[in-house]
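Here's the structure, in structure tokens; my notes come after.
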Amino acid sequence: MSIRIYNTLSREKETFVPGDPERVTMYACGPTVYNYAHIGNARPAVIFDLLHRVLSNRFPKVVYARNITDVDDKINAAAAQEGVSIDVITRRYADAYHADMAALGVGRPTVEPRATDHIDAIIAMIERLISLDHAYEAEGHVLFNVENFPDYGQLSRRDRREMIAGARVEVAPYKKHPGDFVLWKPSSEDLPGWDSPWGRGRPGWHIECSAMSASHLGEIIDIHAGGQDLVFPHHENEIAQSRCAHGTDTFARYWLHNGFVTVEKRKMSKSLGNTLIVHELLKQWPGEALRYLLLSAHYRQPLDWSEKALEQAQSTLDRLYGLLRDHAPAAASDEVAPDPAVTEALEDDLNTPTALAALNGLARQLAQAESGEQALLARRLRATGALIGLLQQAPADWFAQRQVAVQLSEATIEDLIQQRQQARQARDFAEADRIRDQLADQGIVIKDGPERTTWEVAAR
RNA sequence: GGCUAGGUGGCAGAGUGGUUAUGCAGCGGCCUGCAAAGCCGUGUACCUCGGUUCGACUCCGGGCCUAGCCUCCA
């Protein structure tokens with residue numbers, strides 16, 4: 001079995017063949033850090049983290065770069081509004097991004113380049129594009145010359161002429177061609193800027209990814225990934241810049257794009273004001289439940305977010321963690337291979353719904369297993385979870401995290417359970433039920449086991 | 001207007017030219033003082049109209065509907 005992925009460039013599922021199996025390279029467009037990430041921003045982070053895991057399971061070395069865009073007009077606006085410098089803004093939200101993504105089980109990429117650390121590389125790349133007649137200077141701006149790149153539009157399947165006809169924005173007068181886009185733009189005194197051959201300024205939006213990708217991964221990379229809305233113009237422009245600067249006929253061999261998270265079937269976006277902030281969601285829900293939900297639909301499909309779906313994800317995880325709690329030795333899982341059905345599903349264009357189905361099938365096997373087989377199956381369940389980025393907590397921790405919302409102390413709860421036990425032994429069931437109801441009102445669910453009574457915080 | 005993707009059981013969501021997805025909920029059973037949890041069992045699902053085929057939810061064509069991109073956006 002080989003890994004197969006859907007390539008936006010060909011609009012087909014293809015067998016993944018890296019340029020160099022000893023060093024697989026992937027780049028994903030990361031956040032622009034001017035605000036907290038919403039759940040739609042989290043989707044690609046989770047999906048491409050999973051891709052990183054799946055590739056790493058197969059290849060000895062995978063270099064995964066996910067950038068942080070820390071120079072951008074939206075950042076400037078946020079800084080101006082608060083009256084602080086941009087690095088106050090970028091540091092705050094980069095830190096929050098890391099914390100939030102960690103809560104979703106997203107591992108750190110191999111490298112996390114920042115645009116401001118690559119200004120020299122960006123300037124060098126622009127100079128090269130100018131010298132090759134792929135870019136020109138105009139009124140302090142440097143623009144990419146779309147006319148000189150015949151393949152422009154290949155990724156998004158757009159025709160340049162049609163794009164002009166359908167253009168809804170006014171074309172800047174200094175552009176030679178309406179489709180030309182900015183590589184470098186001038187900064188006024190009050191804006192962040194760097195000295196360049198074209199005066200003090202800052203990079204355009206697309207050039208940073210091209211420069212950082214080349215710096216860390218090479219001129220031709222295996223995989224470039226991002227959200228569907230980046231296909232045009234961002235990725236189209238990256239291809240144009242990179243190929244023209246390097247004189248290559250390929251920038252990335254495979255292009256992956258994730259679908260949107262929707263709310264009531266509408267795209268989640270800042271302009272619609274229907275964003276759900278990960279930072280906020282994490283105050284109410286376990287990050288792992290968010291991850292499970294994000295993986296419950298195939299990455300290229302839209303994912304409709306709802307509280308109900310989140311509850312379902314949590315219920316399912318409750319069952320899985322319950323099984324691990326009841327059967328699992330806490331032992332390490334690294335000696336056990338993940339369930340082949342799960343590996344196979346993931347290697348088939350990251351088919352996470354099928355992978356989760358197989359994970360649940362494995363759980364069922366565990367639930368039904370003879371006692372002699374339970375330990376092995378439990379370890380396999382955990383090892384399989386590790387590949388997906390799920391089920392890595394201690395079960396007790398999973399169940400314990402909901403206690404923050406509970407008013408009663410553990411001692412009080414234990415005490416009430418004791419009282420109930422005594423009532424039960426006295427066959428005073430009215431009293432026993434009263435105590436049970438009292439606890440239930442506080443969100444505590446009682447479970448009478450053969451040995452002893454346990455409790456946990458109810459799923460809401 | 002141009003280009004995409006999609007319409008599957010109560011809900012979410014895979015997949016397949018003829019055979020059980022899976023999860024959540026529901027229902028029946030076991031267990032329990034009664035429950036809960038857990039386990040077992042359980043569902044005549046594939047937008048519409050034509051076509052291809054021995055056979056289509058699955059392939060092809062038309063239609064209807066939904067969402068997205070073409071502008072900052074994951």
Side-chain angles (χ1 to χ4, degrees), chain A residues 8 11 28-32 34 37-48 72-74 77 153 156-159 161-170 205 225-234 236 257-262 264-272 275 292-293 295-306 308-320 322-323 326 345 348 351-361 363-364 367-368 423-425 427-430 432-433 436-437 439-440 444-450 453-456 458-459:
Chain A
T8 306
R11 311 282 159 121
C29 289
T32 300
Y34 70 102
H38 60 66
I39 199 70
N41 302 124
R43 191 176 193 192
V46 168
I47 295 295
F48 301 125
D72 178 273
D73 286 351
K74 292 188 289 291
S156 54
R157 310 238 160 146
R158 264 161 230 274
D159 183 284
R161 286 161 304 178
E162 286 172 0
M163 275 160 24
I164 306 161
R168 289 189 221 162
V169 252
E170 216 171 307
W205 174 33
Q228 225 158 47
D229 48 357
L230 297 183
V231 174
F232 187 88
H234 186 54
E236 195 71 71
H257 293 97
N258 64 275
F260 300 121
V261 177
T262 59
E264 286 163 10
K265 307 289 182 190
R266 303 278 307 190
K267 179 188 177 186
M268 185 181 294
S269 76
K270 281 156 193 164
S271 52
L272 288 173
T275 55
Y292 192 100
L293 179 51
L295 294 176
S296 67
H298 185 82
Y299 76 94
R300 282 189 280 113
Q301 295 307 126
L303 175 74
D304 201 44
W305 193 267
S306 70
K308 187 178 172 189
L310 205 39
E311 283 170 12
Q312 286 189 17
Q314 190 172 47
S315 298
T316 305
L317 284 167
D318 275 345
R319 205 182 91 258
L320 297 177
L323 281 166
D326 297 342
D348 180 17
N351 192 332
T352 51
T354 298
L356 292 176
L359 186 75
N360 280 294
R364 174 181 287 246
Q368 297 175 347
R424 289 178 76 202
Q425 272 155 27
R427 304 198 68 77
D428 181 359
F429 295 122
D433 289 351
R436 186 171 64 198
D437 291 345
L439 284 166
I444 306 296
V445 179
I446 298 255
K447 297 179 177 184
D448 294 327
T453 295
T454 58
W455 60 275
E456 62 189 45

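Chain naming here is simple, since letters A, B, ... match the order of the sequence lines and numbering starts at 1 in each.
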If we take the [atom1] atom in both [N] and [M], what is their distance in whole Å?
{"N": "B:G17", "M": "B:G41", "atom1": "C1'", "answer": "31 Å"}
{"N": "B:C24", "M": "B:G18", "atom1": "C1'", "answer": "31 Å"}
{"N": "B:G68", "M": "B:C27", "atom1": "P", "answer": "37 Å"}
{"N": "B:G23", "M": "B:U66", "atom1": "P", "answer": "33 Å"}
{"N": "B:U52", "M": "B:G43", "atom1": "C1'", "answer": "32 Å"}
{"N": "B:G63", "M": "B:G1", "atom1": "P", "answer": "13 Å"}
{"N": "B:G50", "M": "B:A12", "atom1": "P", "answer": "28 Å"}
{"N": "B:C64", "M": "B:A56", "atom1": "P", "answer": "25 Å"}

[N]: pairing nucleotide in any strand, Watson-Crick or G-U under 3.5 angstrom:
{"N": "B:C59", "value": "B:G51"}
{"N": "B:G1", "value": "B:C70"}
{"N": "B:G33", "value": "none"}
{"N": "B:G26", "value": "B:U42"}

Open item on the list: Treating primed atoms plus P, OP1 and OP2 as sugar-phosphate and everything else as base, which nucleotides of nucleotides 8-21 of chain B get B, S or - for protein heavy atoms under 4.0 Å?
Closed with: ---B-SSS-----B

TODO: Ignoring hydrogens and angles, answer whether the base of B:A35 and the side-chain atoms of A:Arg436 contain a donor-acceptor pair closer than 3.5 Å.
DONE: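 Yes.
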
Open item on the list: Distance criterion of 3.5 Å, no angle test: do you see the side chain of A:Asp448 paired donor-to-acceptor with the base of B:A37?
Closed with: no

Task: CZ on A:Arg300 to CD1 on A:Ile47, rounded to 0.5 Å - done: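 The CD1 atom of A:Ile47 sits 11.0 Å away from the CZ atom of A:Arg300.
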
Integer-rounded Å distance: [N] [atom2] and [X] [atom1]:
{"X": "A:Arg158", "N": "B:G1", "atom1": "CZ", "atom2": "P", "result": "17 Å"}
{"X": "A:Arg157", "N": "B:A5", "atom1": "CZ", "atom2": "C1'", "result": "13 Å"}
{"X": "A:Phe232", "N": "B:C72", "atom1": "CZ", "atom2": "C1'", "result": "13 Å"}
{"X": "A:Leu230", "N": "B:C69", "atom1": "CG", "atom2": "C1'", "result": "11 Å"}

Open item on the list: Main chain of A:Ala297, side chain of A:Thr352: is a donor-acceptor contact present, judged purely on distance under 3.5 Å?
Closed with: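 Such a contact is found between A:Thr352 side chain and A:Ala297 backbone.
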
Open item on the list: Using modelled atom types and a 3.5 Å cut-off, is there a donor and acceptor pairing between side-chain atoms of A:Asp348 and backbone atoms of A:Asn351?
Closed with: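 No: the side chain of A:Asp348 does not pair with the backbone of A:Asn351.
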
Ignoring the backbone of [X], work out which of [options] is nearest its side chain.
{"X": "A:Leu323", "options": "B:A37, B:C39, B:A74", "result": "B:C39"}
{"X": "A:Asn360", "options": "B:G23, B:C70, B:A74", "result": "B:G23"}
{"X": "A:Arg424", "options": "B:A36, B:G23, B:C34", "result": "B:C34"}

Open item on the list: Does a side-chain N or O of A:Arg319 approach OP1 or OP2 of B:C24 to a distance below 4.0 Å, or not?
Closed with: yes

Open item on the list: Under 4.0 Å from OP1 or OP2 of B:C69: is there any side-chain N or O of A:Lys267 that close?
Closed with: yes

Task: Comparing A:Asp433 and A:Thr316 on RNA chain B - which has the more 5′ nearest nucleotide - done: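 It is A:Thr316, whose closest nucleotide lies nearer the 5' terminus.
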
Task: Those residues that, when tested against A:Lys308, pass side-chain hydrogen bond (donor to acceptor under 3.5 Å, both in side chains) (two or more places apart) - done: none

